[in-house]
There are 2 protein chains.
Amino acid sequence: MSADPDPTLRLLWRHVLPSDGTAPKRGRRPKVSVDDVVDAAIELADRDGLDALSMRGLAERVGVGAMSLYTYVAGRDDLVVLMVDQVVGRADLPPMTGDLRARLTLVAEVQLADHRAHPWLLDVGGVRAWLGPNVADRYEWQLSAVEGVGLDDLEMDQTITLVTGFAANVARAEHAVRRTERESGMTDAEWWEANYEALAEVMSHREYPIAGRVGSAAGEAYQAGRDPRRELEFGLARILDGLEAHLGR
Amino acid sequence: MSADPDPTLRLLWRHVLPSDGTAPKRGRRPKVSVDDVVDAAIELADRDGLDALSMRGLAERVGVGAMSLYTYVAGRDDLVVLMVDQVVGRADLPPMTGDLRARLTLVAEVQLADHRAHPWLLDVGGVRAWLGPNVADRYEWQLSAVEGVGLDDLEMDQTITLVTGFAANVARAEHAVRRTERESGMTDAEWWEANYEALAEVMSHREYPIAGRVGSAAGEAYQAGRDPRRELEFGLARILDGLEAHLGR
DNA sequence: TACTTTCTCGTACATCGTACGGAACAAATG
DNA sequence: CATTTGTTCCGTACGATGTACGAGAAAGTA
């Protein structure tokens, strides 16, 4: 009665799975490998974004007919799942040393670095079978940062979710600017230059006492530096302070 | 030399802008209004998601030819910008009372409620001209929660970014489950039922001492209750504790 | 009535994911 | 060697998508 197991699951774990004689002996030889396809897809998505990744374009890049891709991958959605696990597996995870602050900072920085290098990760919606080996390894590594510090199991998961989610949001804010610059062909500064007058007129009809002051302060600071550590700093400091307060009680 | 101002900007502020005689007197009468179009688009996106929102489908819903939409809106991307501002304007913002904790909790809860009611907000990438009147009002309201508590301007912006980003991430996690259930036609429980065996076999080749324990604990708690307040609770408590520690120093 | 202005929308095109089915190939079998 | 069987390759085709283009329809003005 229960449905068949998800075939993409075996594909995800293809490298850790023992080759239990399932390698076909007869039949035509594949021109490329699943890893070739996924690696090329990652390369294209890194360059042009996830939306611009098309099966036809990928096929040409790999040197194969468009429909041939479907012998390697069940479809575009499943390809994205494989891309996520593959790209997560590339980063090497440094050993967990130092105190809790240092360890969680490391978790956040690795997460930020991944999302900066592969912004399309932010566009990947919730797909079920994210449970690839590399994602699982990453999760285990992240959890090791908070193991034994006094949190219960649920709190450990929530802490990792909180920290990695925040790092992803920092990357998201950065990426939003880059994307609109690319899509509109205008620098952020150019847009403001062109629209300052109209915006001032339009906003003159309402009062924004706080937002006017804070927004311009944030805008200036934002334009000043793009140091990822700095952008992480404030939020992460608050989160870590709060966590220590929770543990020290 | 500077480019023309963004026409969508005037469209965003169409309600606060005085009708400076720009209302056309001659010519054929429009069958519908911009608000009709945007409201219908929101309705469709609420039901089927942002990806499923097509210009043709929207046109049929509004009772208009597909290409007629382009008299009201510059294109699909600009439509989404209008949808965001329109939907943000619907929520009524309660007055800011109570202490800092209560106020920021309110900010987070409103943010979560919006994203739960309109999950497609999570799929809206960074578009430049988010500066609609309702988004501006919302930002002003959010900032009023931390005005005068001892933060400098930059920290005020970062605090709001931190809190609202966290609330959005909670909504994102919820939405990911709903989406995959809809797209795959399988309940989360059904998927695990069908894939438990295969997953166990596949993961038996590696050791996940912490993730195995924590993951199942989180899974059980996750399946138990879906109270949004509970899901907000832990992370928000940490953030607020950390913020108070920062201010009390 | 004729002209001008504005909105309406049918047609067309490029691009997308992918269903389908036969051709091409490699090993096993006779 | 000839045939069968299993596997991969991929050309063609279909339905959707966003939207450029331009002709037609309606409403006010002269």
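Basis for what follows: all heavy atoms, side chains included, without hydrogens, waters or symmetry-related copies. Order of the sequence lines fixes the chain letters, A, B, ..., with proteins taken first and strands second; residue numbering starts at 1 for each chain.
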message: Closest approach to the side chain of A/M55, judged atom by atom: which nucleotide of C/dT4, C/dT18, D/dT19 is it?
response: C/dT18

task: Could you tell me the separation between the CZ atom of B/R28 and the C1' atom of D/dG24, rounded to a whole number of Å?
output: 8 Å

Options C/dT11, D/dT7, C/dA12, nucleotide nearest the side-chain atoms of B/M67: C/dT11

field: Pairing residues for A/D78 by the salt bridge (charged side-chain N to carboxylate O under 4.0 Å, His left out) criterion, not counting sequence neighbours
entry: none

query: Where does DNA chain D form stems of at least three consecutive Watson-Crick or G-U wobble pairs, each pair having both distances below 3.5 Å?
result: C:1-6 with D:25-30, C:8-30 with D:1-23

message: Please enumerate all residues that pass side chain to side chain contact (heavy atoms under 4.5 Å, CB included) together with B/R47, with sequence neighbours excluded.
response: B/E43, B/R61

Other residues, nucleotides, ligands: >12 heavy atoms within 6.0 Å of B/R90 CZ: yes

field: Candidates D/dC9, C/dT8, D/dG18 - which lies nearest the side chain of B/T71
entry: C/dT8

- request: Starting from C1' on D/dC10, measure out to CG on A/L58 and report it in whole angstrom.
  value: 15 Å

message: The test is side chain to side chain donor-acceptor pair (under 3.5 Å); show your working for A/D137 and B/Y208 and say whether it passes.
response: CA-CA 8 Å; A/D137 286 355; B/Y208 296 105; 2.8 Å; yes

- request: Take atom CD of B/E201 as the centre, draw a 6.0 Å sphere, and report whether it contains more than 12 heavy atoms from other residues, nucleotides or ligands.
  value: yes

query: If you look at every strand shown and take non-hydrogen atoms under 4.0 Å, does A/S54 touch a base, only sugar-phosphate, or nothing?
result: sugar-phosphate

